[in-house]
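All chains are named by letter (A, B, ...) in the order of the sequence lines, taking the proteins before the strands, and each is independently numbered beginning at 1.
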There are 4 protein chains.
Amino acid sequence: MINRVVLVGRLTKDPELRYTPSGVPVTRFTVAVNRTFTNQQGEREADFISCVAWRKQAENLANYMRKGSLIGIDGRIQTGSYEGPDGKRVYTTEVVADSVQFLEPRSAQGQPPGGQPSYGAGQPSYGVPQSDPFGTPFPSQPPQNQPNYTRVDEDPFASSKGPIEVSEDDLPF
Amino acid sequence: MINRVVLVGRLTKDPELRYTPSGVPVTRFTVAVNRTFTNQQGEREADFISCVAWRKQAENLANYMRKGSLIGIDGRIQTGSYEGPDGKRVYTTEVVADSVQFLEPRSAQGQPPGGQPSYGAGQPSYGVPQSDPFGTPFPSQPPQNQPNYTRVDEDPFASSKGPIEVSEDDLPF
Amino acid sequence: MINRVVLVGRLTKDPELRYTPSGVPVTRFTVAVNRTFTNQQGEREADFISCVAWRKQAENLANYMRKGSLIGIDGRIQTGSYEGPDGKRVYTTEVVADSVQFLEPRSAQGQPPGGQPSYGAGQPSYGVPQSDPFGTPFPSQPPQNQPNYTRVDEDPFASSKGPIEVSEDDLPF
Amino acid sequence: MINRVVLVGRLTKDPELRYTPSGVPVTRFTVAVNRTFTNQQGEREADFISCVAWRKQAENLANYMRKGSLIGIDGRIQTGSYEGPDGKRVYTTEVVADSVQFLEPRSAQGQPPGGQPSYGAGQPSYGVPQSDPFGTPFPSQPPQNQPNYTRVDEDPFASSKGPIEVSEDDLPF
DNA sequence: TTTT
DNA sequence: TTTT
């Protein structure tokens with residue numbers, strides 16, 4: 001069985017880092033991939049593909065990427081379902097990123113989005129370590145003892161023996 | 001922008017051929033891809049991935065494949081949306097198959113599912129040409145003047161200049 | 001049978017357009033892809049992957065890309081062999097690009113390398129249409145009756161019925 | 001940087017397991033991938049793609065696959081070079097298999113190639129443990145203290161921190 | 001609910 | 001040096 005996806009596209013939003021109850025970093029995001037062909041009206045449409053990244057990939061995404069960033073994803077399609085608010089089953093499809101590539105030129109990198117206005121903030125925050133995991137510009141350790149971060153569904157691979165991350169880069173560039 | 005998917009898995013159902021109002025063959029189907037790793041409970045789960053094939057790929061699928069068949073897909077992820085019955089927007093993700101590979105051994109092929117009972121039909125239909133596009137075991141031409149086949153949404157690429165099918169094989173094996 | 005390759009990397013040289021005896025444009029080039037992991041010495045190595053593009057892809061490559069450009073390739077591995085100078089058989093492996101993506105930011109594009117500045121020519125030719133296919137910044141027609149361009153091996157797909165180019169974009173961006 | 005390959009094809013030979021000086025299992029093999037299109041003469045050609053698998057993948061290959069077996073590979077292209085016998089540099093391209101899929105139907109599996117005549121050997125060898133790593137039908141541990149196995153070049157990833165195997169299956173089916 |  |  002083979003299930004392989006490669007995407008190159010742009011983030012539709014600033015990625016937001018979350019943590020599972022057991023402290024595993026996770027980021028959900030959408031990649032807009034422009035089609036290489038046009039429709040009947042001669043317009044170039046795009047596909048908006050839901051993705052999820054875990055651990056270091058999630059942190060790198062949140063620390064170095066923002067809305068509009070060009071990104072490469074190597075991953076797999078994962079489907080699932082959940083009980084909708086109306087009691088009906090909702091089926092989901094998303095790409096789980098094994099590895100994430102940051103394809104912006106150097107000049108466009110290094111301005112990590114923080115709580116501050118992204119471009120041209122008043123006071124420089126780059127390189128200033130923060131205690132808030134959402135603000136730190138460098139890959140952070142899972143905040144083991146920080147009680148009030150955002151919780152998400154538990155990492156389904158928390159105790160899986162298979163490797164989750166293919167690329168173990170500490171820094172994406 | 002890159003959007004590439006490769007899947008190898010099994011059909012969850014006998015594929016069913018449909019035609020757009022303008023006579024373009026289309027088949028929607030689901031591929032079950034077993035994961036190569038196990039979950040916390042030690043179970044091997046599967047992803048159930050929605051796919052669509054057009055034209056010759058659609059015909060080959062309907063003519064030569066059935067529930068359980070091992071299949072290889074080379075395609076791309078396509079997203080879209082439609083108005084749900086309750087007026088809410090429903091978002092969709094599917095794989096559009098550029099090319100389809102039939103990975104069953106020869107012995108398991110050649111028993112095309114037809115209008116007849118697929119498994120264990122009374123009279124052999126193999127190789128018997130039919131006028132009904134749903135029953136013919138060989139790739140058929142779009143039934144231009146047959147009014148009462150099943151209609152589906154129009155082929156969005158009907159007049160697109162880009163190639164839809166990467167592989168132009170007349171026969172899949 | 002499935003044979004799919006996706007690469008994102010940088011051109012090791014300015015691409016050079018050639019034509020087959022029957023006038024089909026072809027460009028051979030090497031893509032350097034940095035590995036996402038390091039070796040025992042802690043160094044990040046790269047793979048230098050031989051590629052070939054035909055027709056419009058070849059022209060776009062030659063017209064818009066240069067040494068160092070970031071490029072995405074969607075293609076397949078092709079192997080072959082030829083008689084070496086010493087009479088021994090030499091085996092080759094290369095990636096045939098079905099589609100080529102130009103991943104440089106806009107600012108880095110639009111300066112098509114020509115005989116001019118790039119390779120040290122006198123006057124700027126940007127945007128100035130030329131009859132010479134090597135100088136024109138826009139995709140050109142195969143120069144059917146120009147006798148003295150560089151000849152290469154005949155296009156093996158010249159009369160193949162299968163589609164060669166997946167993406168039919170006239171302009172890569 | 002992205003470097004992803006997916007292949008489905010057939011082994012051109014029975015795979016042979018080797019070990020590096022430090023005991024890492026490695027198998028080199030060639031996958032024949034039939035093209036999905038025909039050449040000018042209407043013939044369907046094939047690409048013969050050099051591959052290498054390490055560790056458990058190498059063992060599974062040697063234990064469960066033979067000449068002609070249908071196989072799926074998820075991997076990356078790796079290039080390198082070595083000093084040829086005539087002192088000239090020889091450049092190599094091969095696919096490093098991150099994961100290997102065994103696509104034969106069950107009936108064709110389970111007859112591990114051994115020293116015995118492959119199909120229909122007189123005495124059943126399946127499931128009979130052997131001390132020879134080349135004959136055992138189950139994944140074996142690296143033969144740490146067996147001096148006289150075949151040596152090959154050292155595993156270049158022996159001490160790499162990155163994961164080598166994406167799929168950690170003990171058994172391929 | 002979408003990116004350049 | 002190649003597979004079905």
A.B. asks: Among the nucleotides E:dT1, E:dT2, F:dT3, which one has an atom lying closest to any side-chain atom of D:Ala46?
C.D. replies: F:dT3

A.B. asks: Of all the choices, E:dT2, F:dT3, E:dT3, which nucleotide is nearest to the side chain of D:Ala32 once you look at every atom?
C.D. replies: F:dT3

A.B. asks: May I have the distance from D:Arg10 (atom CZ) to F:dT1 (atom C1'), rounded to whole angstrom?
C.D. replies: 20 Å

A.B. asks: Do any N or O atoms from the side chain of A:Gln101 and from the backbone of D:Met1 form a donor-acceptor pair under 3.5 angstrom?
C.D. replies: yes

A.B. asks: Checking D:Asn39 against D:Glu45: is there a side-chain donor and acceptor pair closer than 3.5 Å?
C.D. replies: yes

A.B. asks: Please state how far atom CD1 in C:Ile2 lies from atom P in F:dT4, giving the value in whole angstrom units.
C.D. replies: 19 Å

A.B. asks: What's the CG-C1' distance between D:Asn34 and F:dT2, to the nearest Å?
C.D. replies: 11 Å

A.B. asks: Which whole-number value in Å describes the distance from B:Asn3 CG to E:dT3 C1'?
C.D. replies: 14 Å

A.B. asks: Grab the CE-C1' distance between A:Met65 and E:dT3 for me, whole Å please.
C.D. replies: 11 Å

A.B. asks: Could you tell me how far apart A:Phe48 (CZ) and E:dT1 (C1') are, to the nearest whole angstrom?
C.D. replies: 10 Å

A.B. asks: Less than 4.0 angstrom from a charged side-chain N to a carboxylate O is my criterion; do D:Arg4 and A:Asp74 meet it?
C.D. replies: yes

A.B. asks: Once you apply a heavy-atom cut-off of 4.0 Å, does D:Gly9 come out as touching a base, just sugar-phosphate, or nothing?
C.D. replies: nothing

A.B. asks: Measure from the side-chain heavy atoms of D:Thr12 and tell me the nearest of F:dT2, F:dT4, E:dT4.
C.D. replies: F:dT2

A.B. asks: Who pairs with C:Glu83 by salt bridge (charged side-chain N to carboxylate O under 4.0 Å, His left out), at least two apart in sequence or on another chain?
C.D. replies: C:Arg89

A.B. asks: Considering only side-chain heavy atoms of D:Lys67, which listed nucleotide, E:dT3, F:dT3, E:dT2, is closest?
C.D. replies: F:dT3

